[in-house]
Amino acid sequence: MTNIFKDFTSRIQSAVLSTGLTARSGEALDISRIVVEPPRDPSHGDLATNAAMVLAKGAGMKPRDIAEKIAAALEGDPDIAAAEVAGPGFINIRLEPGFWAAFLASVLKAGEGYGRSDLGGNVKVNVEYVSANPTGPMHVGHCRGAVVGDALAGLLDFAGYDVTREYYINDAGSQVDVLARSAFLRYREALGEDIGTIPEGLYPGDYLKPVGAALAERYGEELLAMDEADWLPIVKDITIDAMMEMIRGDLAALSVHHDVFFSERSLVGNGKNRVEEAIRDLRDRDLIYVGTLPPPKGQLPDDWEDREQTLFRSTDFGDDVDRALLKSDGSYTYFASDIAYHYDKYLRGFGYQIDVLGADHGGYVKRMQAAVKAITGGEGKLEIKLCQLVKLFRGGEPVKMSKRSGEFVTLRDVVDEVGVDPVRFMMLYRKNDAPLDFDFQKVTEQSRDNPVFYVQYAHARIASVFRQADEAFAGSDFGPEALCAAPLDLLTDEGELALAAKIAEWPRLVEAAAEAQEPHRIAFYLYELASALHGQWNRGKDLPQLRFINADRSDLTTARLALVYCAKLVIRAGLGILGVGAPDEMR
RNA sequence: GGCCCCGUAGCUCAGCUGGAUAGAGCAACGGACUUCUAAUCCGUAGGUCGCAGGUUCAAAUCCUGCCGGGGUCGCCA
C-alpha cells in the first residue's frame, strides 16, 4: 500500500470498531466520513484524522472523549509512535521512523508506477478538447483549453481511466462554405487575378494563399469555368484538409495529442444519419414539440418576434428554456448535430464524457448536459470544464487582437516566443475557472522565476546528484535496483523525513485531482515538492553532514540517493501528466 | 433582467470538496556562494478571506440576500 492515507484510514476505521462504540440508536457508527490528511502544521505530526469529530454526534459523546478512546486503540499499531488528541478532537499521529523506511522501499519497488491509481476502474472516458474550427490556424485563445484538456486526459489516465482524447472537427456548418469561398478567392489570386481587398465576411488571412496556390497548381483554370455549386465541394474538401493539416502542426508544437479526430460531416453518410437517429430517439421519448419560446427577461432584442420552433424539452432536465433543433429553413441547428455527436460518443461506449470548452460557451453547459441525460436515458454523464479567457499582455500593455482583420496572435507565435514547457505550465498553474493574464514579457524576461523552471531544476538537480555520486564512488551502482537495497533506516533528519512525507502525498493528490478534474493541483504540488527538495539541498551548505553525497559514507549516501530518486520519480511522473519535459540538466 | 464564473497580503494566485494560529510566489527589507550548478535557500514584514445574515462542535469553503468585475442570453458556429 503506497497510499499511506488510505492505509491509515482503514487502520483507524478498524480501531474505531475495536473500541466497541455504537450509535445512540444502537446501530453501528457511520465510519465512512472519517478522513486522514496531512496536518497543516508539521509540528502536529505526520497524519491527522477527524474521526472523533464526525462520530461524536451519532455516538452522543463529546469529540474529545471519543478521540481518547480511539487514540488508545491506535497505540497498539506498531507503526504509530504516538497518537495525541488535540484541539476540538483531532487525533494527531506520529509515525515510527522505521515506517518511512518501509514506505520509501515500497515507492522504489513501485518505480514509475508510483502514484498510479485504480480509481477510474478502467472506465472508458472520452475527453474532448480544442475542437477549433478548421477555418484557420489556432490562436492563443485555443491554447488554454488545449493544454488543460491534454493534462486532464493525462491525469485521468494516470488515475486509472481508459481515456480517449478527441477533437471534434466542425466541418459541416456554413462557416466552412465561407472558408471555401475565401480559398477560392486566393485561387483566383494565384492565377494572376487582382482580387483587391478581401470582402467583408470572408477570411482575410494570408494562410489561405498556399491553399489557393495548390488549387491553381492542381486545377489550372478548370474551376473558374464551374458554377459555385460545383466547385464549392471540391474547394471545401481540399481547404479543410489543409486547415486540419495546419492545426495538427500547431497542436504538435504545443505537444498536444489526440487519439480521434471526429468529423461533424461523418455523422451523416454511409447509410447512417446520427442526427435523424438522435431526433427520432428524442421524439420517441416525447421530448420534442413545436412551440414558441418566451422572450428573454429584461431588455427585449430589437427584432424580437414570436416564432414557432421545433424544440427539445431541455427544461425537463434542468435547463432554463427549451432549445431549438431546427432552423426556420428546416435544416438542423448546431445544437441538433451536437446532440447527435454526443449520442455517437455514447454509442461508441463512452458513458462518461468530458468536454473542455472556453468560458464563452457557459450558456451551453446546461442544454448539452440535458441532451446527454435525455438521449442516453440517464445512463450517460457529460461533464463540461470551462476555461476562462486568457488575456494577453506585453510589458503590462494589453495585446490587441482582431480576428476580422486576420491579425491575431497565433498559438505558434506564443510557443515560438516563450517555449512549450513554460506555456503549458503557465496555463496549468491556475484553476481553469479563474481568468489568466499572460504577459509575454514576464514569461520570457522572468523566466528564471517561472515556476516551471523551479520544478524542472529540482529534477535536473537530482540527476546532477547522481552524476556526482557516480564520480565520488567510482564503480558503485546507484541504479534503481541497487537503491532498493539501500539502508533507508539511516534517513533520520527531519528534512529528509519531511521530503519523504511530501512524496507520500502523491497518490492521494493524484486521486483528489482526478476526482475534481483539476490538473492544476498537480502543478502546485510539484512546486511544493521541488521546494522541499531545494530546501533540503541547501541545508547541506550549513551542515555538510546533511549533504546527499557523503564521500566517506557510502551507506548513508545510498540511502539519500534512494530518497531523492523517489522525488525524481514523482516529479517525472507529474510533469509527464502535465506534458512538460523533465530535463536531466538545465541549459 | 435571467443564467454561469470570479472577489483571499501592495501585485499574481493556492487553500487538499466543512477542520486546528488562512498559505506560496513576486515586490520590500536583512542574511547564506573556497558548495553535490546561487536557475537555490533562510529570516523579517504584510490579511475585517467583498458586505450582511443563516446552517453546526467547527465556515475562506455550504445556503440566502446584497455590492463589485467578467462571460453569456430565440434559427450564429
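Bear in mind that the values here come from a model prediction, so they are computed numbers and not experimental data. Below, chains carry the letters A, B, ... as their sequence lines are ordered, and counting in each starts from 1.
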Exactly one of A:His342, A:Gln369, A:His361, A:Lys385 should register a side chain to side chain donor-acceptor pair (under 3.5 Å) with A:Asp355. Which one does? A:His342
Look at the side chain of A:Asp542 and the base of B:A32, then say whether one donor and one acceptor between them are separated by less than 3.5 Å. no
A:Ser174 side chain N/O closer than 4.0 Å to the phosphate oxygens (OP1, OP2) of B:A77? yes
A:Arg394 to A:Phe440, cation-pi by 6.0 Å centre distance and 45° axis angle: yes
On RNA chain B, nearest-nucleotide positions of A:Pro88 versus A:Asp360: which is more 5'? A:Pro88
Gap between atoms CD1 and P, on A:Ile34 and B:G19 respectively (whole Å): 16 Å
Quick check, are the ring centers of A:Phe425 and A:Tyr429 under 6.0 angstrom apart? yes
Which is true for A:Ser464 with a 4.0 Å heavy-atom rule: it touches a base, it touches only sugar-phosphate, or it touches nothing? base
When the nearest nucleotide of RNA chain B is assigned to A:Arg33 and to A:Met53 on a heavy-atom basis, which residue is associated with the more 5' position? A:Met53
Provide the distance between the two C1' atoms, one in B:C73 and one in B:C63, to the nearest whole Å. 26 Å
A:Gln545 side chain to A:Asn550 side chain, donor-acceptor N/O pair below 3.5 angstrom: no
Nearest of B:G74, B:G19, B:A20 to any side-chain atom of A:His44? B:A20
Identify whether the glycosidic angle of B:U8 places it syn (within 90° of 0) or anti. anti
ring centroid sep under 5.5 Å plus plane angle under 30, A:Phe453 with B:A39: no
Between P on B:G15 and OH on A:Tyr525, what's the gap in Å once rounded to a whole number? 16 Å
Starting at the 5' end of nucleotides 3-12 of chain B, put B wherever the base has a protein heavy atom under 4.0 Å, S where only the sugar-phosphate does, and a dash everywhere else. S-SS-----S
P atoms of B:A60 and B:C66, separation to the nearest Å: 23 Å
In this structure, is the centre-to-centre distance between the rings of A:His534 and A:Tyr457 below 6.0 Å? yes
If you only use heavy atoms from C-beta on, which nucleotide in B:C41, B:A77, B:C36 is closest to the side chain of A:Gln175? B:A77
Could you please name the option among B:U17, B:A77, B:A60 that lies closest to any side-chain atom of A:Arg40? B:A60
Round to a whole Å and report the spacing from CZ of A:Phe90 to P of B:G19. 8 Å
A:Gln309 has its side chain closest, among B:C75, B:G25, B:U17, to B:C75
A:Thr135, A:Asn170, A:Asn133 screened by side chain to side chain donor-acceptor pair (under 3.5 Å) with A:Gln175, the one that passes: A:Asn133
Without decimals, in angstroms, what is the distance between A:Arg547 CZ and B:A38 C1'? 14 Å
For RNA chain B, which ranges pair as stems of 3 or more consecutive Watson-Crick or G-U pairs, with both donor-acceptor distances under 3.5 Å? B:1-7 with B:67-73, B:10-13 with B:23-26, B:28-32 with B:40-44, B:50-54 with B:62-66
Can you classify the ring geometry of A:His139 versus A:His142 as parallel (below 30°), tilted (30 to 60°) or perpendicular (above 60°)? tilted
Would you say the base of B:C42 and the side-chain of A:Arg539 have a donor-acceptor pair closer than 3.5 Å? no
A:Ala324 has its side chain closest, among B:G74, B:U37, B:U17, to B:G74
Residues at least two apart in sequence or cross-chain that pass salt bridge (Lys or Arg N to Asp or Glu O under 4.0 Å) with A:Asp493, listed by chain then number, are A:Arg539
A:Glu518, nearest nucleotide to its side chain (from B:U56, B:G15, B:G74): B:G15
What does A:Glu305 touch in the nucleic acid at a heavy-atom separation under 4.0 angstrom: a base, only the sugar-phosphate, or nothing? base
Mind checking if A:Arg521 touches a base, just sugar-phosphate, or nothing, with heavy atoms under 4.0 Å? sugar-phosphate
Determine whether the aromatic ring centres of residues A:Tyr168 and A:Tyr341 are separated by less than 6.0 angstrom. yes
